[in-house]
Amino acid sequence: MGTDIGDLLQKRKIELSDLSNRVVAVDAFNTLHQFLSIIRQRDGSPLVNSRGKVTSHLSGLLYRTASLIEAGIKPVFIFDGKPPDLKSETLSRRKEVRETSREKWANAKAEGDLEAAYKYAQASSKVDHEIVEDSKYLLGIMGIPWIQAPCEGEAQAAHMVLKKDADYVASQDYDSFLFGAPKVVRNMAVTGKRKLPGKNVYVDVKLEVIDLEETLRALGVNRNQLIDIAICVGTDYNKGLEKVGPKTALKLIKKHGDIHAVLREKEVEIEGLDRIRELFIHPEVTDNYEIKWTKPDSEKLIKFLSEKNDFSAERVEKAAERLKAVSGARQKTLDQWF
DNA sequence: CACCAGTA
DNA sequence: TACTGGTGG
């Protein structure tokens with residue numbers, strides 16, 4: 001997903017508490033996708049309510065966001081709008097992967113191969129319309145602001161950090177750098193012990209931040225050149241060049257200056273190159289938004305999560321209390337929260 | 001993912 | 001108190 005330039009980036013490990021009082025623009029699609037893949041039973045089946053509807057994302061949003069809030073973080077979720085036309089190939093490829101994974105999941109389950117079943121179940125996760133709508137509603141009654149992006153959520157999030165309405169973009173993907181995000185925080189939804197795919201090994205996943213300026217300085221390139229590097233490797237809007245990974249792409253762009261020169265040298269073309277660059281440099285974003293944290297609505301939380309989605313009322317109340325404790329403390333400090 | 005009860 | 005393994009929905 002996104003672009004594979006992670007190896008080139010300078011990552012610094014941090015703790016949740018380091019983000020206290022910081023506004024974090026969370027890539028909602030990315031976060032929901034992670035919840036849907038991670039919050040599952042041993043055989044790979046997601047959490048569902050009594051009507052059979054998936055609720056893993058609701059569980060993740062409720063408990064994880066409560067932890068963020070408790071750590072003093074001010075999250076605002078950014079939802080994707082209409083994707084650019086150039087993304088359609090990527091989107092149909094993702095769909096294909098999901099569908100074949102769903103079949104393989106069923107087969108693995110039938111054969112009793114739990115390891116494989118889990119892996120394919122994860123890869124079959126889909127953030128559909130209903131999941132997005134449920135998530136927006138839940139965030140609303142939790143008192144967490146969310147914003148509808150006109151186009152790519154990561155572009156909107158990056159725009160908000162550039163405008164200083166937020167301090168960080170939170171996403172696992174690196175695309176927000178290409179949209180100019182000065183600071184990105186990764187692993188916000190997945191901290192703790194995680195199993196490495198395929199192996200029986202666990203790693204401790206820590207939050208990490210990446211600073212765009214620092215990275216560009218270390219690489220000795222500018223932002224436009226980083227975009228060109230990504231295009232060489234491949235982005236959501238284009239296939240990369242044959243046998244060119246991040247390291248080679250960096251070398252090529254530093255040697256030739258920009259991607260046009262690289263393509264001339266290699267005698268290849270990338271369809272729609274200028275449009276792809278433009279999507280990163282001048283993405284469609286909006287300034288029409290409001291970021292405001294409010295008190296959670298316990299009654300609606302119980303109604304929605306407990307009555308409609310079969311969550312334990314006790315647990316929902318506890319989470320609501322955690323959210324409320326912080327909004328109460330905020331009010332007292334006259335911090336400009338409301 | 002977080003929660004929770006059982007265990008050391 | 002810290003860790004683990006099962007469960008949540």
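This structure is a prediction, so every number in the text was calculated from the model and none was measured. Residue numbering restarts at 1 for every chain, and letters A, B, ... go by the order of the sequence lines.
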Tabulated below should be each protein N or O lying under 3.5 Å from an N or O of nucleotides 5-7 of chain B; please produce it.
none

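Near DNA chain C, meaning a heavy atom under 4.0 Å from it, residues 53-60 of chain A has A/Thr55, A/Ser59 in order of number.
Look at CD1 on A/Ile69: it is 19 Å from P on B/dC1, rounded to the nearest Å. Rounded to an integer number of Å, the gap from A/Ile39 CD1 to B/dC3 P is 11 Å. A/Asp43 places its CG atom 13 Å from the P atom of C/dG8, with the value rounded to the nearest Å. If you take CD of A/Gln122 and P of B/dC1, they are 11 Å apart, rounded to a whole angstrom. Distance, A/Leu47 CG to B/dA2 P: 13 Å, rounded to whole Å. Protein atom CD of A/Gln41 is 13 Å distant from nucleotide atom C1' of B/dA2, rounded to whole Å. Taking atom CG of A/Leu62 as the reference point, atom P of B/dC3 lies 9 Å away to the nearest angstrom. Residue A/Ile38 contributes atom CD1, which lies 16 Å from atom C1' of C/dG8 at whole-angstrom precision.
Among the atoms of the strands shown, none is found under 4.0 Å from any heavy atom of A/Ala319. A/Ser312 comes within 4.0 angstrom of sugar-phosphate atoms only, judged by non-hydrogen atoms across all strands, and of no base. Across all strands shown, A/Phe311 has heavy atoms under 4.0 Å from sugar-phosphate atoms exclusively, and none from any base.
Neither OP1 nor OP2 of B/dA2 sits under 4.0 Å from any side-chain N or O of A/Arg315. OP1 or OP2 of B/dC3 has at least one side-chain nitrogen or oxygen of A/Arg322 nearer than 4.0 Å. Proximity of A/Lys318 to the phosphate of B/dC4: a side-chain N or O atom is located under 4.0 Å from OP1 or OP2. Contact annotation: A/Arg64 does not reach the phosphate of B/dC1 (side-chain N/O to OP1 or OP2, under 4.0 Å).
Hydrophobic clustering, with ILVMFWY side chains joined whenever heavy atoms are under 4.5 angstrom apart, keeps A/Tyr120 apart from A/Leu47.
Side-chain contact check for A/Lys136 and A/Gln148: at least one donor-acceptor pair (N or O, by modelled atom type) lies under 3.5 Å. A donor atom on one side chain and an acceptor atom on the other are found under 3.5 Å apart for A/Glu154 and A/Ser171. In this structure, a donor-acceptor pair under 3.5 Å is absent between the side chains of A/Asn49 and A/Thr55. Side-chain contact check for A/Asp165 and A/Tyr289: at least one donor-acceptor pair (N or O, by modelled atom type) lies under 3.5 Å. Remark: the A/Thr235 side chain and the A/Asn238 side chain contain an N/O donor-acceptor pair separated by less than 3.5 Å.
Remark: of the listed residues A/Pro84, A/Pro283, A/Ser176, A/Pro84 is the sole one forming a side chain to side chain contact (heavy atoms under 4.5 Å, CB included) with A/Glu152.
Using a distance-only test at 3.5 Å, with no hydrogens or angles considered, no donor-acceptor pair links the side chain of A/Ser124 to the main chain of A/Arg102. With A/Asn187 contributing its side chain and A/Lys206 its backbone, the two residues share a donor-acceptor pair below 3.5 Å.
Counting only heavy atoms from C-beta on, A/Tyr63 has its side chain closest to B/dC3 among B/dC1, B/dC3, C/dT7.
The pair A/Arg277-A/Asp228 meets the salt-bridge criterion, with a side-chain N (NZ, NE, NH1 or NH2) lying under 4.0 Å from an Asp/Glu carboxylate O.
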